[in-house]
Each structure stands twice: as structure tokens, then as C-alpha cells.
Amino acid sequence: ICGDREPPARLLETARQRGAHLRRLGTDFDWTATASGWRWYSGETALDNLPPPSLPGRIQFDNASSAIAVLQALPVLEVSVDAIRAGLISADLPARFQRVSGPVEMVFDVAHNPDAARVLAANLVANPVSGRTVAVIGMFRDKAVEAVTPILAPQIDEWFVGALEGPRGQTAAGFAARVRSVVPDAVLNEYADVGAACDAADARTSAGDRIVVCGSFQTVSVVLQQRQTKPANITG
């Protein structure tokens, strides 16, 4: 089951070579919005009046459609339509546009590749704030910094960059230099680690602003752990 509307040619060729029964979103199954929710369909099979996925963003309809396609391809699982509806309503995935309300809203998103960055940028546009949006970010050096940051840049007023540790780690200065090569006017602040970058973002934001923590699982994990030791900084 492939949930990519434009899958890599290599995937298609490998499926053909191996004789796999590949089912693709947009070709073999898809979804459409309706007045009462949304509809999943594949050929003559359809599920109507489905509730919107609890996870934010239009991409989640593609993801939910792909999950339903898996269930339809494996009838031995015997998952009822009521169970599918319940799953759509209750699904929870931390650090995927996870919003924490407060005077300064915080958004946690592990986006670290171009596709995920496009989803994050679209979600930021769809959920505006009255003030500024700043990013606390750290990315490993083997990630596509030059592709990810220009996608996010139109929605980010200021960047607070933290270094990441480990063999794949990247210094804040190294990350910032790569950003400046593709977003010359980016306002960048460099810190020894992600925790320090988040503290600085806290100090430079006020009511109505938003802090977006993104770039890697490690970046989000560090800040979430830091927030747990500072509960006063989160309300909701």
C-alpha cells in the first residue's frame, strides 16, 4: 500500500520486478470531502460519513485513507467501520504538529525532510497567531537543511538554532551557515544546545507569539523533557 501520490520511480519499478500487488493513493484508492464528513473509496467499495482525522492537516486524510486501504487489503483483521471511525477520532501522535496552548503557544513537530516541512508550513498557515512565529531548531548534518529551511522560512520570523550532539550532530554555526546560503535574510541566533536555544526563544517572545520546535526527533525530545521540568511555562 503506497500513500504517496507521486511515488519514486524506483519503488514502482521494484514492485513491478517483484510482482507485488501495489495499490496507490490517487490511483487505486482515494478520498473526497462530503457534507457529512468524508468518503473513502476504492473501485466499487466505499466507506461514507467518516469523521475527520483527529490529527491536524489535510495530509492526514491521505494517511487515514492509506491506513484504511491496508485494512481493506487484510480482511482477516476484521476491523469494523465503527472501529475505523473510533480510530479516526482518537488517534494521537505526539510531536506531529502537537500544539500546547498558553500566552505563547508552542508547537512541537519532528519535521526534518522537505515533505514534512511542507506539511508543517501548511499547518502554520492554517493556524495563524496574532504575533510572531519563531523556530527553535536543530538538525543533523546529514539532513537536507538547504531544502527544509526555505520551505519553512516564509512562516518563521526568527530562528533560534541549537547544536545537536552525537556522531551525526551539527554545530549551531554550521547549521546557520547552511541556512544563510539559501535564506540570506534569515534572522538567526546560535546556541550551544537546543535547550539554551529554547530558553532564549522564551525570553524573546511575548503573549500572542508562537514557538515552533522542529528539525529532528532529538530536538523535540530535548525541549519536551525541558518543559516537563518547567511546568509553569506550559498552560494546557
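Between Gln155 and Ala121 the shortest heavy-atom distance is CG-O, 4.1 Å. Pairing each heavy atom of Val148 with each of Ala117, the nearest pair is CG1-CB, 3.9 Å. Of all the heavy atoms in Asp4 and Pro7, the pair that sits closest is O-CD, 3.2 Å. Nearest heavy atom pair, residue Val223 against residue Cys198, reads CG1-SG, 3.6 Å. The two residues Val136 and Ala201 have their closest heavy-atom pair at CG2-CB, 3.7 Å. Residue Pro56 comes nearest to Phe97 through the heavy atom pair CG-CD2, 3.7 Å, listed as atom of the first residue, atom of the second, then distance.
At least one donor-acceptor pair closer than 3.5 Å links the side chain of Trp40 to the backbone N or O of Ser65. The closest donor-acceptor contact from the side chain of Arg204 to the backbone of Val134 lies at 3.5 Å or more, if one exists at all. With Asp157 contributing its side chain and Thr133 its backbone, the two residues share a donor-acceptor pair below 3.5 Å.
The ring of Phe61 has its center closer than 6.0 angstrom to the ring center of Trp38.
By the ring pair (Phe, Tyr, Trp, His ring centres under 6.0 Å) test, Phe217 pairs with His112, sequence neighbours left out.
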**Test log, rule side chain to side chain contact (heavy atoms under 4.5 Å, CB included), inputs Trp159 and Leu152** = CA-CA 11 Å; Trp159 305 78; Leu152 296 176; 4.0 Å; yes
**Request:** Carefully, step by step, assess Phe140 and Leu164 under the rule side chain to side chain contact (heavy atoms under 4.5 Å, CB included).
**Result:** CA-CA 7 Å; Phe140 290 117; Leu164 293 183; 4.0 Å; yes
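Side-chain atoms of Asp109 and Gln98 form no donor-acceptor pair, as typed in the model, at a separation below 3.5 Å. Thr45 and Ser42 share no donor-acceptor pair across their side chains, judged by distance under 3.5 Å alone. Asn49 and Arg85 share no side-chain donor-acceptor pair at under 3.5 Å. Under the 3.5 Å distance criterion, with hydrogens and angles disregarded, no donor-acceptor pair is assigned to the side chains of Gln170 and Asp142. Side-chain contact of Arg5 with Thr27: a donor-acceptor pair under 3.5 Å is absent, judged by distance alone.
A salt bridge links Glu190 with Arg180: the distance from a Lys NZ or Arg NE/NH1/NH2 to an Asp or Glu carboxylate oxygen falls below 4.0 Å. The pair Glu13-Arg16 meets the salt-bridge criterion, since a charged nitrogen lies less than 4.0 angstrom from a carboxylate oxygen.
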